[in-house]
Amino acid sequence: MKAVAVFPRTHEVKLIEHEAPRLTEPDQVRVRMLEMGICGTDKEICAFEYGTPPAGSDYLVIGHESLGQVMEVGPATSRVKVGDLVVPTVRRPCPHAACHPCRAGYPDFCITGDYTERGIKGAHGFMTEEVVDHERYLHLVPPALRDVAVLTEPLTIAEKARDQIQQFVYRLPWVERATPEEVRRNELTAVVLGAGPVGLLGAMILQVAGFETAVYALPPAPNPGSEIVEAIGGKYYSHGSIPAETKQALFGHIHLIYEATGVSRLAFEVLKLLGPNSIFALTGVPGLKEPIEVDADLLMRNIVLKNQVVFGTVNASAENFEAAIRDIGIFHQRWPDALRALITSRSTPEEAPGLLLGKIGGIKNVITFERATSREQGR
Ligand SMILES: [Zn+2]
Ligand SMILES: [Zn+2]
């Protein structure tokens, strides 16, 4: 069967013939892959900055953002049936008894670094015709979300951040569980840095939660990202376009910043705008470059004197995948066109190496194994 593979030793990315997987344990499930999203991590793997083939293989089948359909179930499965749509999780636990997060089912918090990640680190990914996985790693998707469920994995980043943020908010002794109406009444403001898929999906979660949401990104409006921000009721600001009075109004009054660019200079600049008792979530992974100058004294004063929380978050748990599928359903009801507009192209596996190696525009580009020919671009 066909698979898109990366060969780190010979620096090749190509479509290969890969042996079809078989069920070897009773709780396993065989899944036909329908759609795979391409993200920055995939592009880094294809630039050979990253990515480890499984032991004994000289290549890694790429792909971690996926949607599949169940073809075969082992005798010890109970939850999924043949024909069901499923999204698999990416990270799998490390083997160490002393790693409490992995042993408790939270490899996203692994402390040893010996976890595997399908399509990234030590395990083949999903950009292939069929995969086999344990039932416990598969999450059921309602058929109505067939066209957009490939966005589940990128949304899990915001879902995990939201989980963490809730814990930080409830550290404040007087705060009780707030409904979206209460959040709206209190005029809580959030700023999202970056208008890629992670930023835009984060903005959708914040809008649903009742925040007044602004998205800041480099490209001037109008552009596909700014149109999505406006369609969901948010405000879009591009580089250099923020009026002085807006900046003044924002200063010290932002309740939540969700960073999704990986640009450290921008992150630390915007951290200065964070209000008292407020939270800054970092999700981007910058490349390691020369050290930069930041206003360390001002930032440290603010963090202390304003009881601020700055935290990082990576990967996601099973609960975060379940929540992401539920929220895709909510977004699909509220903003069907804006949600679909996040997927800017669908291409064939044959076109995948070119997309992975070239400079691709658009928001989320998807590889589909379902059809022989490219679907029309866009919606
Ligand atoms: Zn990704
Ligand atoms: Zn671990």
Side-chain angles (χ1 to χ4, degrees), residues 4 6 13 33 35-47 49-52 60-68 87-128 131 136-137 139 148-161 194-202 258-262 282-287 312-318 320-321 324-325 328 342-347 352 355-357 360 362-368:
V4 181
V6 182
V13 179
M33 300 319 292
E35 297 205 311
M36 270 70 52
I38 294 178
C39 76
T41 301
D42 297 310
K43 303 216 51 158
E44 279 166 24
I45 294 171
C46 291
E49 291 168 19
Y50 212 72
T52 319
L60 170 74
V61 175
I62 200 169
H64 58 276
E65 304 180 0
S66 72
L67 170 71
V87 172
T89 60
V90 178
R91 191 180 283 191
R92 302 300 141 82
C94 78
H96 306 292
C99 184
H100 297 300
C102 281
R103 301 292 69 79
Y106 295 92
D108 52 316
F109 286 100
C110 178
I111 53 171
T112 70
D114 289 337
Y115 54 82
T116 57
E117 285 174 335
R118 294 208 63 165
I120 302 173
K121 182 175 179 284
H124 286 311
F126 306 128
M127 207 176 281
T128 179
V131 304
R136 61 181 177 278
Y137 299 133
H139 296 278
V148 285
V150 70
L151 298 169
T152 299
E153 199 277 342
L155 177 59
T156 59
I157 298 168
E159 295 290 352
K160 178 172 171 183
V198 173
L200 292 171
L201 288 164
Y258 182 72
E259 183 280 331
T261 62
L282 293 158
T283 77
V285 183
T313 178
V314 70
N315 211 269
S317 69
N320 302 144
F321 273 77
I325 293 166
I328 295 246
L342 284 169
I343 300 175
T344 37
S345 77
R346 283 187 162 89
S347 308
L355 286 172
L356 286 160
L357 292 167
I360 28 174
I363 301 170
K364 177 57 73 186
N365 297 288
V366 167
I367 302 297
T368 169

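Indexing begins at 1, ligand by ligand and atom by atom, following the structure's order.
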pair Y258-I157: side-chain heavy atoms closer than 4.5 Å
yes

Is there side-chain contact between R103 and C94, with at least one heavy-atom pair below 4.5 Å?
yes

State whether a side-chain donor-acceptor pair under 3.5 Å links T156 with N320.
no

Within the side chain of H124, is there an N or O that forms a donor-acceptor pair under 3.5 Å with the backbone of V61?
yes

Using the rule side-chain contact (heavy atoms from CB on, under 4.5 Å), only one of T283, L155, T261 pairs with V198; which is it?
T283

To 10°, measure the NE2(H64)-the Zn ion (ligand 1)-SG(C39) angle for me.
100°

For N/O/S atoms only: which one belongs to E65 and is nearest the Zn ion (ligand 1)?
OE2

For distances below 2.8 Å, what is the count of protein N, O or S atoms around the Zn ion (ligand 2)?
4

Row check, Y137 ring normal vs R92 NZ/CZ: under 6.0 Å, within 45°:
yes

Which residues share a salt bridge (Lys or Arg N to Asp or Glu O under 4.0 Å) with E65, sequence neighbours left out:
K364

